[in-house]
Amino acid sequence: MNNIIFISSVFVKKLLNIFNTHDKLFIYKRKFALKGGQAMYYTMAQKANKLLLKYNIINFPINTEIIEYIIENEGLEIEFTDSIKNAVIIDNAIYMNKPDNMRDYRSFIVHEYGHFTYQCGNIEYLPNKNKYEMEAQAFAAYFLMPIGIFEKHLELEENDYELSQDFGVTLELVKFRKNLTKALIDSGEYNLLVYSLYFRKDDLKNIIINNNTDEEIYKRII
């Protein structure tokens, strides 16, 4: 899948300034933001972008073996068992009943990884359980349907079933991801998150060094 991103040097300079200010790849440090009553879970979008960049994920749906490799390489062992209905995290291992359907499996395992790595593992007895569930769901949605790529599919007017097939996820997660898109666009944060996924800090420096005019348009194909 080739995705062409066009940007001007004015925007690149603005983005590079943000990177330099924070000395990180990702732009803001917000748990999530609200716009019109919808949460866009900005931090989860950042974390999903970071993992996609780290493992150079550019093909979708993401192969389940690659997902398992990433999760285990990040420190969470995966153990399959029929003795539990869903999943439980004990220490650095997740014990789960593996769904037969690969769309269910992708959505479920990445959701659970979100609990493990960005929260505190099991949340069953924590207050605000629903908040943690929504954060993990947002991480799974952003990772399995990356910012920019998912929206290109929306531009093609694909229906929910087609999106579910293209990204190998559940219809429920597709609908959730569409709500995230609306929240991101309404908030004005969408473009910055797209560029943070496709351009590293060094890429932006090279673009500015090699191009001096503000009107020139640059592209990167991944």
List for me each residue that meets salt bridge (Lys or Arg N to Asp or Glu O under 4.0 Å) alongside Glu79, sequence neighbours excluded, and say none if there are none.
none
Any idea which heavy atoms bring Tyr41 and Met134 closest together, and the distance?
OH-CB, 3.2 Å
Run the side chain to side chain contact (heavy atoms under 4.5 Å, CB included) check on Glu135 and Lys131 step by step: do they pass?
CA-CA 6 Å; Glu135 288 176 353; Lys131 177 176 78 74; 3.6 Å; yes
When every non-hydrogen atom of Tyr142 is compared with those of Ala48, the smallest separation belongs to CB-CB, 3.6 Å
Working to the nearest 0.5 Å, report the span between CG of Leu173 and CZ of Phe108.
13.0 Å
Tell me, please, which residues at least two apart from Glu158 pass side chain to side chain contact (heavy atoms under 4.5 Å, CB included).
His153, Leu156, Glu162, Leu163, Asp166
List the residues meeting ring-ring contact (aromatic ring centres under 6.0 Å, His included) with Phe150, not counting sequence neighbours, and say none if there are none.
Phe167
May I ask you to check whether over 12 heavy atoms, not counting those of Glu172, lie within 6.0 Å of atom CD?
no
Kindly give the heavy-atom pair with the smallest separation between Tyr190 and Gly148, and that separation in Å.
OH-CA, 3.4 Å
Output for pair (Ile147 CD1, Asn191 CG), nearest 0.5 Å, gives 11.0 Å
Kindly give the heavy-atom pair with the smallest separation between Ala136 and Gly114, and that separation in Å.
CB-C, 4.5 Å
Nearest heavy-atom neighbours spanning Met44 and Ala138:
CB-CB, 4.2 Å
Residues two or more places apart in sequence or in another chain: which of them pass salt bridge (Lys or Arg N to Asp or Glu O under 4.0 Å) with Glu155?
Lys152
Show me, pair by pair, the donor-acceptor contacts under 3.5 angstrom made by side chains of residues 62-71, not counting sequence neighbours?
| unit_1 | atom_1 | unit_2 | atom_2 | d |
| --- | --- | --- | --- | --- |
| Asn63 | OD1 | Glu65 | N | 2.7 |
| Glu68 | OE2 | Tyr105 | OH | 2.6 |

For residues 87-102, dump all side-chain donor-acceptor pairs below 3.5 Å to protein atoms at least two apart in sequence or in another chain.
| unit_1 | atom_1 | unit_2 | atom_2 | d |
| --- | --- | --- | --- | --- |
| Asn97 | ND2 | Ile84 | O | 3.3 |
| Asn101 | OD1 | Arg103 | N | 2.7 |
| Asn101 | OD1 | Asp104 | N | 3.3 |

Qualifying residues under salt bridge (Lys or Arg N to Asp or Glu O under 4.0 Å), relative to Glu112, sequence neighbours excluded
none
Show the numbers, then the answer: is there a side chain to side chain contact (heavy atoms under 4.5 Å, CB included) between Asn49 and Phe143?
CA-CA 7 Å; Asn49 278 8; Phe143 181 77; over 6 Å; no
Could you tell me the separation between the CZ atom of Phe116 and the CD atom of Glu77, rounded to the nearest 0.5 Å?
9.5 Å
Please check if the number of heavy atoms outside Phe80 that lie under 6.0 Å from its CZ is greater than 12.
yes
Test log, rule side chain to side chain contact (heavy atoms under 4.5 Å, CB included), inputs Phe60 and Leu144
CA-CA 8 Å; Phe60 303 91; Leu144 294 169; over 6 Å; no
Could you work out, with side chain to side chain donor-acceptor pair (under 3.5 Å) as the rule, every residue matching Thr181, not counting sequence neighbours?
Glu151, Arg177
Should the pair His115 and His111 be assigned to parallel (<30°), tilted (30 to 60°) or perpendicular (>60°) ring geometry?
perpendicular
Hydrogens and angles aside, do Tyr55 and Glu74 bring a side-chain donor and acceptor to less than 3.5 Å of each other?
yes
Nearest heavy-atom approach of Thr170 to Ser107 is N-OG, 3.2 Å
With rounding to the nearest 0.5 angstrom, report the CG to OH distance, Leu184 to Tyr42.
8.5 Å
